[in-house]
Amino acid sequence: MTSKRVSRPRPYRALAHTADLGWRIRGASLADIFVNAARALTATLTDRRRLRRREVREVAVEAPDREALLVAWLNRLLYLYDVDGFLGRDFEIVHLTPETLTARAAGEIFDPARHLAKTGVKAATYHHLEISPRPDGWRATVILDL
Amino acid sequence: MAAKVKLRQVDEYRWEIPREGKMRTRGLIYASREMLPKIEEDQSLAQVANVATLPGIEGASLAMPDIHWGYGFPIGGVAAFNLDEGIVSPGGVGYDINCGVRLLRTNLERQAVAPKIDELVNALFTNIPSGLGSRRKDFKLTAPTLKQVLRLGTAWAVKQGFGRPEDLDHIEARGQIEGADPDEVSPFALDRGKDQLGTLGSGNHFVEVGYVAELFDEALARAMGLFKGQITAIVHTGSRGLGHQVCDDYIKVMLKAAAKYGIELPDRQLCCAPIRSPEGERYLAAMAAAANFAFANRQLITHWVRESFERALKLGPRDLGLELVYDVAHNIAKIETHTVDGKTKKLCVHRKGATRAYPAGHPEVPEAYRQTGQPVLIPGDMGRYSFVLVGTEQALRETFGSTCHGAGREMSRQAALKAARGRDIVREMADKGIVVRGAGRGTVAEEISEAYKDVQNVVDVAHGAGISKKVARLAPLGVIKG
């Protein structure tokens, strides 16, 4: 995987929210933000560490700006999960512009017998959505509708 | 974060956000004084004010007593727009299009079922796929069949043998929203729907077996076929991944449309298009298709609820009863006729976490309830109770015939998980006489009773304000959670 593990601060952290779930994502680069947001999504659905890297899916999405691109990316991953049961454990950004993303997700088909079923996610939303540069890298906020 | 929203008390149950700034109308919130601090904690009041800025809004920007923070529109929000200048917004409906509730009654009394409740809950759990990414292995739809479902809704399911023709007479809009066009539903959404019809999903969705614990109005209860001690069943689910994808697809369309039509948005998630624009019409056609999917979904689940009762209790359909009392949508936008300032107008009424509550005599109320008013079903949390109400004339006058939809969360899911840590929730519920089976390990803990507000307070405000009338209280005996 191209993404380096960010040692500090945590790559994703849950925000307290009554109705749904918000994630505060951090990364050294914009690509890291997309990788860590995808990991956060998988971690919402299941215990990510128990997934194996059995197959790789390539995903390409477009959106009018980078924030909308983050939502499009997460919702495409939810689509893969809904249609095939596929969940990514690790993610690799192949190509990223403010309007397009090509990435690979390595993971496997969810198996209720082996994998922990956590919380269902309906969608990543545009609410309070932000991606911003910080002195130490990048930060994003995304709220999931559960 | 947001500045504190000004609030003026109108009477015991009504609070007004006076019109100011870019608001085109006032906000009107139904709540008791005790509820206000909690409501003011999140940004839902600012959201009521934001909705009031949208073009073509008629009457007030409304919030029901279960108001809480949503995306763009608050949950518990009701807003009506005229067809000339008004807008339609996917955010005013929500991701789970036509999430809704249906109630079934039986001929059985509590004592007859209580000893067999374990078998019954197990049968429900086996027959109804639930939980994260639940899908039916036995029941995959081909593309042409799925399109039929999207056009016909419940009628499709009944024609296939899932349920009884008379079920159609006890569903909002007979389980089929007009104007549905499957060609406006993206291939992505169709993909997500093809093996999710007849599944419960996760989160707060459930099937619950309960009994009528209390009657508030015996005559109305009798007219709905309800009696004290009677066994009932509730189904709560929506349009699954298909509906979520339709919402997401059209939010993208509407972000562009809002810019194209020069609609100023205080919040991106309020993105919308004029009702009479190609974008608006396409969304309404796709939303109606997703709503029909949800109606068919609840119908299929009802069929398996009936089968589960038959198997577990070894009784035939005639002995069981299991007739449909009613089925309501609580996330939907509908073209309806209302009277505003003495004028009759066609409006697009958005109900997001709100239930239609039409009075006796209204032409859109099914024949069976023409004398009583339309039944309103308000589910509570899994450990306490749910309510049956009826719509009123006052609701039609004040809230475009709308009322509350549920309890609303008190605790975040994380806080609930924390509160449940180290506890055996299933055992605690069993000690209270409620059998719970959940597909996800997290779900049951996230859905603990104390994570929710007391739905009784919500219902009491709706009743006190006169926007619906209490009929019965139901108590749970067994629940399957997604």
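Please read all numbers here as calculations on a predicted model, not as lab measurements. Chain identifiers are assigned alphabetically (A, B, ...) following the order of the sequence lines, protein sequences preceding nucleic acid strands; residue numbering begins at 1 within each chain.
For a residue to count as touching a neighbouring chain, one of its non-hydrogen atoms must lie under 4.5 Å from one of that chain's; by this rule R192(B) touches chain A with backbone and side chain alike. Interface remark: L45(A) contributes backbone and side-chain atoms alike to the contact with chain B (heavy atom separation under 4.5 Å). For F110(A), the part sitting under 4.5 Å from any heavy atom of chain B is the side chain, from C-beta outward, and nothing else. When heavy atoms are compared at a cutoff of 4.5 Å, L255(B) approaches chain A solely by way of its side chain, counted from C-beta outward. D267(B) touches chain A through its side chain: at least one heavy atom from C-beta onward sits under 4.5 Å away, while N, CA, C and O do not. Using a 4.5 Å cut-off between heavy atoms, A63(A) does not touch chain B at all.
The environment of E62(A) atom CD is sparse: at most 12 non-hydrogen atoms of other residues, nucleotides or ligands sit within 6.0 angstrom. Counting non-hydrogen atoms of neighbouring residues, nucleotides and ligands closer than 6.0 angstrom, the CD atom of E264(B) reaches no more than 12 such neighbours. Atom CZ of R114(A) sits in a crowded spot, with more than 12 heavy atoms from other residues, nucleotides or ligands closer than 6.0 Å.
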message = Between K118(A) and E446(B), does the side-chain contact (heavy atoms from CB on, under 4.5 Å) criterion hold? Intermediate values first, please.
response = CA-CA 10 Å; K118(A) 280 161 84 178; E446(B) 285 175 2; over 6 Å; no

key: side-chain contact (heavy atoms from CB on, under 4.5 Å) evaluation trace for V83(A) with F188(B)   = CA-CA 9 Å; V83(A) 172; F188(B) 285 107; over 6 Å; no

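Considering CD of Q245(B) and CG of N75(A), their distance stands at 7.0 Å, rounded to 0.5 Å.
Under the 4.5 Å side-chain criterion, counting only non-hydrogen atoms from C-beta, R413(B) is not in contact with L21(A). Side-chain contact between D248(B) and Y126(A) is present, with heavy atoms from C-beta onward closer than 4.5 Å.
Pairing each heavy atom of Q269(B) with each of H127(A), the nearest pair is OE1-N, 3.0 Å. When all heavy atoms are compared, the tightest approach of Q196(B) to D82(A) is NE2-OD1, 3.2 Å. Taking both residues in full, the closest heavy atoms of D145(A) and Y71(B) are given as CA-OH, 3.1 Å, listed atom of the first, atom of the second, then distance. Shortest non-hydrogen contact noted between W69(B) and I143(A) is CH2-CD1, 4.0 Å.
Taking chain B as the reference chain and counting heavy-atom pairs below 4.5 Å, the highest number among D84(A), T125(A), L78(A) is found for T125(A).
Salt bridge annotation for R268(B)-D65(A): present, with a cationic side-chain nitrogen under 4.0 angstrom from a carboxylate oxygen.
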